Amino acid sequence: MKSALLTEKNPAPDTRHGMILYMENVSVSFDGFKALNDLNLYIKKGELRCLIGANGAGKTTLMDVITGKTRPDTGTVSYGQQINLLQHNEEQIARLGIGRKFQKPTVFEALSVKENLYLSLKMDKGIWTSLWHALSAEQRDDIDQILHTIGLLAMQHCQASELSHGQKQWLEIGMLLAAKPQLLLVDEPVAGMTVSEAERTAELLTSLAGEHSVVVVEHDMGFVRSIARTVTVLHQGSVLAEGTMDAIQSHPEVKKVYLGEEGHD
Ligand SMILES: Nc1ncnc2c1ncn2[C@@H]1O[C@H](COP(=O)(O)OP(=O)(O)OP(=O)(O)O)[C@@H](O)[C@H]1O
């Protein structure tokens, strides 16, 4: 289904070569300190990628560069083959189909689950009309589908404040989905979740891959193992290693600089 947001002003990324994101030779300095150091990262269309790295490795800065919050000093960042993200601001990048979920859920507590989703649908129009009948049949179907995907169909009329921490995280993922992103950036999705919520989140993120490309930053190695096909390890602002979880866990440099330090996180 074609997104209403993908207009001439918001073109779809050209992913004919199978890649949704290209970051090449990207460096970011803060007062002379290189938070990203000649970083190269490629994300395939439809993949679920996990990004790990010790505190200060550059994970947040990397997400900030993709979403336009931080401008790199050098390098290129391309969404599909043709969209130069460095020429767009944060709002434009969101409209181009890159959604970001921060660690802390920011749902509207006083609104119902479903109303939170309407709000996300309507964001591109500037003014929020919460009336269900004002939505097109396609938009209503989209919301029902999202409620199903995030497992909150039965709770659609509950006030968001009544949701558990995990349910709020799923609602916020649903709010991102309402804007029909192609690339989803998800920061520490299972922090603070119960074991069963984390399992459900693993299923949810896995189910989103394919139709969406998903990049997950996560410290919980058990969770990473449960979802990741490819893991990228950042260290001192560069990619130290990339591969399957097994390959990463037996990589001597990774063991030395990251996995050995995990308990100190
Ligand atoms: N705005 C800033 N000003 C100065 N230094 C910064 C700024 N943002 C990040 N840094 C520094 O850049 C480095 C990389 O930070 P970043 O937040 O990207 O790491 P991270 O991998 O996300 O770490 P964490 O897991 O702790 O969130 C850190 O040393 C941090 O102190």
Side-chain angles (χ1 to χ4, degrees), residues 21-43 47-77 79 85-86 88-91 93-94 98-106 165 168-169 172-173 176 183-193 198 201-202 205 213-228 230-243 245 248-249 251 253-265:
L21 186 76
Y22 302 75
M23 299 181 82
E24 293 183 332
N25 309 113
V26 173
S27 293
V28 174
S29 296
F30 296 112
D31 303 324
F33 173 80
K34 283 206 164 180
L36 292 183
N37 188 6
D38 206 21
L39 174 124
N40 292 296
L41 181 75
Y42 304 90
I43 303 295
E47 82 164 301
L48 173 56
R49 176 74 62 92
C50 282
L51 210 57
I52 64 172
N55 293 333
K59 305 178 295 295
T60 305
T61 307
L62 186 155
M63 299 281 215
D64 288 347
V65 167
I66 298 170
T67 54
K69 191 172 172 199
T70 297
R71 293 283 168 210
D73 306 321
T74 59
T76 56
V77 184
Y79 181 44
L85 288 181
L86 302 183
H88 294 84
N89 64 29
E90 276 186 272
E91 194 192 332
I93 289 172
I98 298 181
R100 181 175 189 179
K101 196 204 151 321
F102 291 90
Q103 188 181 339
K104 205 166 167 282
T106 51
H165 172 72
K168 282 182 190 168
Q169 297 282 34
E172 199 174 357
I173 289 173
L176 282 184
L183 174 61
L184 274 165
L185 308 175
V186 186
D187 198 4
E188 295 196 44
V190 297
M193 281 191 181
T201 304
L205 293 174
S213 310
V214 186
V215 178
V216 178
V217 168
E218 185 52 68
H219 286 284
D220 181 329
M221 297 306 290
F223 182 76
V224 171
R225 177 169 276 286
S226 73
I227 63 168
T230 309
V231 180
T232 298
V233 185
L234 279 195
H235 177 58
Q236 295 179 349
S238 304
V239 173
L240 176 67
E242 205 162 85
M245 191 65 183
I248 290 300
Q249 282 187 312
H251 190 291
E253 279 295 300
V254 175
K255 273 164 58 177
K256 197 165 104 195
V257 306
Y258 178 57
L259 295 170
E261 298 171 6
E262 204 197 332
H264 304 291
D265 219 352

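Note that the structure is a prediction, hence the values are computed from the model and not measured. When a ligand or atom number is given, it counts from 1 through the structure's own listing order. All residue numbers refer to positions in the sequence shown, counting from 1.
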Tell me whether F30 has any N or O atom under 3.5 angstrom from an N or O of ligand 1. no
Please tell me whether T230 and E242 have a donor and an acceptor in their side chains that are separated by less than 3.5 angstrom. no
Less than 4.5 Å apart, any side-chain heavy atom of K34 and any of S27? yes
With a cut-off of 4.0 Å, which atoms of ligand 1 are near a heavy atom of A54? 21 (O)
Interfacing atoms of ligand 1 (cut-off 4.0 Å, heavy-atom, A57): 19 (O), 20 (P), 21 (O)
Option with minimal heavy-atom separation from atom 27 (O) of ligand 1, where the choices are V65, I52, L51, T60: T60
Do E253 and H235 come within less than 4.5 Å of each other through their side chains, counting heavy atoms only? no
Do L21 and S213 touch side chain to side chain, with heavy atoms closer than 4.5 Å? no
Looking at H219, which atoms of ligand 1 are within less than 4.0 Å of one of its heavy atoms? 25 (O)
So is K59 polar-close to ligand 1, meaning N/O to N/O under 3.5 Å? yes
Strictly under 4.0 Å, does any heavy atom of G58 approach an atom of ligand 1? yes
Going by atom types alone, do E90 and T67 pair a side-chain donor with an acceptor below 3.5 Å? no
If only atom types and distance count, is the side chain of K101 paired as donor or acceptor with the main-chain N or O of E188 below 3.5 Å? no
Between Q103 (side chain only) and D187 (backbone N and O only), is there a donor and an acceptor less than 3.5 Å apart? no
I'd like to know if G237 contacts ligand 1, where contact means a heavy-atom distance under 4.0 Å to any ligand atom. no
M63 touching ligand 1 at heavy-atom level, < 4.0 angstrom: no
